[in-house]
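Reviewing the structure listed below.
No experiment lies behind these values; they were computed from the predicted model shown. Indexing begins at 1, ligand by ligand and atom by atom, following the structure's order.
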Amino acid sequence: MTVNVDTTAQDFSWLSLPAAQQPEWPDSEALRKVLAELASYPPLVFAGECDQLRARLGAVARGEAFLLQGGDCAEAFDAVSADHIRNKLKTLLQMAVVLTYAASVPVVKVGRIAGQYSKPRSKSTETRDGVTLPVYRGDSVNGFDFTPESRIPDPERLKRMYHASSSTLNLVRAFTTGGYADLRQVHAWNQDFVRNSPSGQRYERLAKEIDNALAFMNACGVDPEEFKTVEFYSSHEALVLDYETALTRTDSRTGDLYDVSGHMVWIGERTRQLDHAHIEFASKIRNPLGVKLGPTTSVDDALELIDRLDPDREPGRLSFITRMGAGKVRDLLPNLVEKVTASGAQVAWICDPMHGNTFEASSGHKTRNFDDVLDEVKGFFEVHRALGTHPGGIHVELTGDDVTECVGGGDEVFVDDLHQRYETACDPRLNRSQSLDLAFLVAEMLR
Ligand code: PEP
Ligand code: MN
C-alpha cells in the first residue's frame, strides 16, 4: 500500500514505498482535503528544539546522561484534560527527581505525549461474540467502541490529533516553565493517593532531603535559574505517514526536513522494514530518532538501520529502544550491543521493559507483571555493565492515575483487582505508585 499525500516536494521519497500498518481511508478526496489543511497548520515544535533534544540525547549516547521516556501506550482524545495531563507530568517529574537525586545523573525527560495517538496492531480485525470488525488503530484513525460505524477510519480524526496534541503540548509547556515544575514544588507533586503508598512515603523522605539541600543553597545565596523550570520534550511513534508527512516541513535555517509533530519520533517494531516507507521517512528528517528492536532483530538489521538512519555516526541522532522480554534480554542483547559498538556507532541504548512482557491474565485482561518489567531492566543493566557500555535510559508505558492495569508493585495490584480501574485503550500501563517504585529501583541500579 502506498501512502496518500498530495505534495509537490521533490524529496518526499518515502511516498512511493510500501508502508505497513496504514489505515484504509474510505474516501480519498476527504483525506486529500484534510492533509492539505494539516499542511497549512503551524508547527507543533520547532526544529531548534529538536536539535537541542538531539544534543541532550548525544550526552545519553556518550554515557553522560540518562533518558526517561514515558507515557500512555495510546493517548485518547477524551483524556485531553488538565487533570490527566498534569498527573502524567507529575509522575514523570517525580521519577526524574528520584533518578537525578538518588543517582546524581542528568535526566533527559521525554513524554510519550502530545501525539501518541496511532497504534500498530498484530491483527487487522477483532472478533467478539462472533462479530468481526476492523481493529482499533488509535484515536487518530478510528473509534475504540466496538461498532461498525466507529471502526471506519475517518481522516477528520487526523485534525483532531493535531489539535489534541497542540493543546496537550501547550499545557505541558505551561506546567514545565510556568512554576509548577520548580524544584521547590517537589512535595506538591506527591499529593493525593500516591502519598500514602510505600513508594510515596519513600519519595516524601527524598523530597525532604532535597528541601534541605535547597534551603542550604539558599542560605549560601545560591538560587539557580535551572531549578525553576524543566526541559521536557514530546515524542510519539511515527506511524500514520499521511499525518507525519503533512507535518514535515523544511527548516528555513538549514533547508533540512523536520517532522514538526513532535520533538522525537520512533519507528515501531512492526514498521522498521529496511526497504519500506517508515525507515525511508525517518532517514530524511533531522529529528532525533528511536527504533524499537524486538527479540528477532539480527545484528545485520541493527547495522543496516545505523547506516540508513545515522550515516554520520552522530551521538544523539539514533536511539535503539530494545524490548526483548525479561526471559530473553540476557541472551539476545549482548551480541547486538557488542557488534553495534564494534562498528563504531554511538547509539543511545534504551530499555523498553513493557512490550516483551505482556500476557493475558486469567481474568482475560492484557497485563504485565511489575516483577517482569523490573527484571528486564535489571537484565538490560547487567548486559551493559558486563560490556562496559552505557545503559542509557528507560522507555515505559505509564499514567499518572491510580489505574489497575499491571499486576504487582509495592502497593500491590492483584489479578483480581484488574477489573477495578482498567482504563487503557491499548496496552496496560504502570500506575503512579508502580512508576515511582520503578524509578527508585532503577536509581539503585544507576548508582
Ligand atoms: C508501543 O510502543 O506501544 C509499541 C507498539 O511498541 P512496539 O513497536 O515495540 O511493539
Ligand atoms: Mn504499547
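Close placement of the Tyr117 and Phe77 rings is indicated, their centers lying within 6.0 Å of each other.
The only option from Arg121, Arg151, Arg137 that meets the salt bridge (Lys or Arg N to Asp or Glu O under 4.0 Å) definition with Glu126 turns out to be Arg151.
Looking at His395 and Arg112, their side chains do bring a donor and an acceptor atom within 3.5 Å of each other.
If you count the protein N, O or S atoms nearer to the Mn ion (ligand 2) than 2.8 Å, you get 4.
When atom types are taken as modelled, the side chain of Ser150 and the backbone of Phe146 share no donor-acceptor pair closer than 3.5 angstrom.
For Asp437, the salt bridge (charged side-chain N to carboxylate O under 4.0 Å, His left out) criterion is met by no residue, not counting sequence neighbours. Partners of Lys366 according to the salt bridge (charged side-chain N to carboxylate O under 4.0 Å, His left out) rule, which considers only residues two or more places apart in sequence or in another chain, are Asp427.
Taking a cutoff of 4.0 Å between a charged side-chain nitrogen and a carboxylate oxygen, Glu376 and Arg368 do not qualify as a salt bridge. Between Lys292 and Glu237 there is no salt bridge, since no side-chain nitrogen of the basic residue lies less than 4.0 Å from a carboxylate oxygen of the acidic one. The pair Glu280-Arg308 meets the salt-bridge criterion, with a side-chain N (NZ, NE, NH1 or NH2) lying under 4.0 Å from an Asp/Glu carboxylate O.
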Quick check for students: name every N or O atom pair between ligand 1 and the protein closer than 3.5 Å, with distances.
residue	atom	partner	partner atom	Å
ligand 1	2 (O)	Arg112	NH1	2.8
ligand 1	2 (O)	Arg112	NH2	3.4
ligand 1	2 (O)	Lys292	NZ	2.7
ligand 1	2 (O)	His355	NE2	3.4
ligand 1	3 (O)	Arg112	NH2	3.0
ligand 1	3 (O)	Lys119	NZ	2.7
ligand 1	3 (O)	His355	NE2	3.0
ligand 1	3 (O)	Glu397	OE2	3.0
ligand 1	6 (O)	Lys292	NZ	2.8
ligand 1	8 (O)	Glu269	N	2.9
ligand 1	9 (O)	Lys292	NZ	2.9
ligand 1	9 (O)	Arg323	NE	2.7
ligand 1	10 (O)	Arg270	NH1	2.9
ligand 1	10 (O)	Arg323	NH2	2.8

